[in-house]
Protein chains: 2
Amino acid sequence: MSSNIRRSMPLFPIGIVMQLTELSARQIRYYEEHGLISPARTEGNRRLFSFNDVDRLLEIKELIEQGVNLAGIKQIFAARQPTTPPDEPVAEKVKKPDLTDEELRKLLRAELIQAGRFNRASLRQGDMARFFH
Amino acid sequence: MSSNIRRSMPLFPIGIVMQLTELSARQIRYYEEHGLISPARTEGNRRLFSFNDVDRLLEIKELIEQGVNLAGIKQIFAARQPTTPPDEPVAEKVKKPDLTDEELRKLLRAELIQAGRFNRASLRQGDMARFFH
DNA sequence: TTTTTGTGTAAGAAAATATAACATATTATT
DNA sequence: AATAATATGTTATATTTTCTTACACAAAAA
């Protein structure tokens, strides 16, 4: 549930993502240009990628290796994310608030510290353990 | 088990770690200078922090807030990590190989892709899901 | 009181990343 | 076949981020 927060938190610079995915910066930027990913930006305009973004890039890479072109990949992604059907509109009031990147990180920080209160002294386990199984 | 790999993989630049921990760059570097953390470096000498590193910084921060000085924190950490006692030496052959950062990332990549073969098409779940619960 | 500790701040250098433009091989289209 | 579109490489220049080093200083310790 709140792992969505973690999965979508902008954390990685493009250099790391290049290594993680073995894609070139050119490729990554090109895929963004065509709307396949939408990494966040720092104040200074540097891209920051989330786990979700990296995940997506790995999918893109595999599909491309299988001969799918960008248009195809776009369709595949679009089909996957079933946008709220027009006959079942979401009341504006109910929508989750959009958080800024900093707010997101603030939330994570809070979560980590909370977890720490439980684990650290007793279990001798680091906060970020929640990130793994 | 292999989550150790993920937990220790150098991923984050200092800017992100500052936000995650609410520590200043000065503080983070100072703690490194005093051996409390040992972030990896890029080829170009930029620090790269792992989940473990962030974890540790959060611990340091809490201890400092509780009035413990760096010497004390160092002791606490030292006591925690029981280095192989001198009378029970580890045969050089048995030691785990030291992996370079790039090898680490390569491993993760392989893991992610492997996971993908299972999940993606069928479960519609991203690779990085393995990072979360 | 003097020293040590922990942190702030500033300067200058180097690394990483940004955008834009041009090149080009491969694939589609006409 | 000729032409156009797609996907990526490469290069140039600008900007941001991080690095180290040095100096300052308040708070704590000696």
Side-chain angles (χ1 to χ4, degrees), chain A residues 10-50 53-54 56-78 101-102 105, chain B residues 9-50 53-54 56-78 100-102 105:
Chain A
L11 292 173
F12 314 113
I14 199 170
I16 291 293
V17 176
M18 289 171 64
Q19 296 187 76
L20 247 25
T21 61
E22 279 185 331
L23 292 168
S24 69
R26 183 66 164 97
Q27 289 176 296
I28 295 170
R29 297 192 190 112
Y30 188 73
Y31 302 153
E32 178 188 16
E33 196 181 325
H34 288 263
L36 296 180
I37 50 168
S38 298
R41 300 285 181 132
T42 67
E43 273 192 22
N45 201 37
R46 268 77 225 281
R47 269 167 268 255
L48 280 184
F49 298 79
S50 66
D53 290 326
V54 175
R56 244 175 182 236
L57 285 170
L58 288 169
E59 290 196 60
I60 293 169
K61 193 185 182 190
E62 258 203 11
L63 288 170
I64 282 195
E65 276 163 6
Q66 289 166 13
V68 183
N69 65 12
L70 291 208
I73 297 176
K74 204 178 300 189
Q75 288 305 314
I76 291 171
F77 285 171
D101 296 349
E102 233 189 289
R105 273 184 283 266
Chain B
M9 184 165 16
L11 292 173
F12 314 114
I14 200 171
I16 291 293
V17 176
M18 289 172 65
Q19 296 187 74
L20 247 25
T21 61
E22 280 186 328
L23 292 167
S24 69
R26 183 67 164 98
Q27 288 176 298
I28 295 170
R29 296 194 190 109
Y30 188 73
Y31 302 153
E32 177 187 17
E33 197 180 325
H34 288 263
L36 296 182
I37 51 169
S38 297
R41 299 283 181 134
T42 67
E43 274 192 22
N45 201 39
R46 266 80 220 281
R47 270 167 266 255
L48 280 184
F49 299 78
S50 66
D53 290 326
V54 175
R56 229 159 199 251
L57 285 170
L58 287 170
E59 290 197 60
I60 292 170
K61 193 186 181 188
E62 258 205 11
L63 288 170
I64 284 195
E65 277 164 5
Q66 289 166 13
V68 183
N69 65 11
L70 290 207
I73 297 176
K74 203 178 300 188
Q75 288 306 313
I76 291 171
F77 286 169
T100 68
D101 295 348
E102 233 188 291
R105 273 184 283 267

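Basis for what follows: all heavy atoms, side chains included, without hydrogens, waters or symmetry-related copies. Chain identifiers are assigned alphabetically (A, B, ...) following the order of the sequence lines, protein sequences preceding nucleic acid strands; residue numbering begins at 1 within each chain.
Rounded to an integer number of Å, the gap from Asn45(B) CG to dA16(C) P is 9 Å. One atom, CD1 of Ile14(A), and another, C1' of dT17(D), lie 15 Å apart when rounded to the nearest Å. Per the geometry, CD belonging to Gln27(B) stands 17 Å off P belonging to dT5(C), to the nearest Å. Between the CG atom of Leu48(A) and the P atom of dT17(D) there is a distance of 9 Å, given to the nearest Å. Rounded to an integer number of Å, the gap from Ile60(B) CD1 to dG6(C) P is 11 Å. Rounded to whole angstrom, the span from the CE atom of Met18(A) across to the P atom of dA18(C) amounts to 10 Å. For Leu70(B) and dA29(D), the CG to P distance is 13 Å, given to the nearest whole Å. Atom CZ in Arg41(A) sits about 6 Å away from atom P in dA18(C), given to the nearest Å.
Thr42(A) has no side-chain polar atom (N or O) that falls below the 4.0 Å cut-off from OP1 or OP2 of dT16(D).
Within the model, atoms CD1 of Ile28(B) and CG of Leu57(B) stand 5.5 Å from one another, a figure rounded to the nearest 0.5 Å. Residue Phe49(A) holds its CZ atom at 11.0 Å from CG of Leu20(A), rounded to the nearest 0.5 Å.
Side-chain contact check for Arg56(B) versus Phe77(B): some heavy-atom pair is nearer than 4.5 Å.
Taking for each of Phe49(B) and Arg26(B) the nucleotide of DNA chain D with the nearest heavy atom, the 5'-most of the two is the partner of Phe49(B). Toward the 5' end of DNA chain C, the nearer of the two residues Gly44(B) and Arg47(A), judged by each one's closest nucleotide, is Gly44(B). Nearest-nucleotide positions on DNA chain D for Ile64(A) and Ala25(B) put Ile64(A) closer to the 5' end.
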Q: Take Ile60(A) and Val68(A) through the test side-chain contact (heavy atoms from CB on, under 4.5 Å) and record every step on the way to the result.
A: CA-CA 9 Å; Ile60(A) 293 169; Val68(A) 183; over 6 Å; no
(Q) Evaluate Arg47(A) against Arg41(A) for side-chain contact (heavy atoms from CB on, under 4.5 Å), listing each step before the verdict. (A) CA-CA 4 Å; Arg47(A) 269 167 268 255; Arg41(A) 300 285 181 132; 2.9 Å; yes
**Q.** Tyr31(A)/Leu23(A) under side-chain contact (heavy atoms from CB on, under 4.5 Å): CA gap, chis, key distance, verdict
**A.** CA-CA 11 Å; Tyr31(A) 302 153; Leu23(A) 292 168; 4.2 Å; yes
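Of the residues in residues 28-39 of chain A, those placing a heavy atom less than 4.0 Å from an atom of DNA chain C are Arg29(A), in numerical order.
The nearest pair of heavy atoms linking Leu48(A) to Pro39(A) is O-CB, 3.6 Å.
A donor-acceptor contact under 3.5 Å is not formed by the side chain of Arg46(A) with the base of dT17(D).
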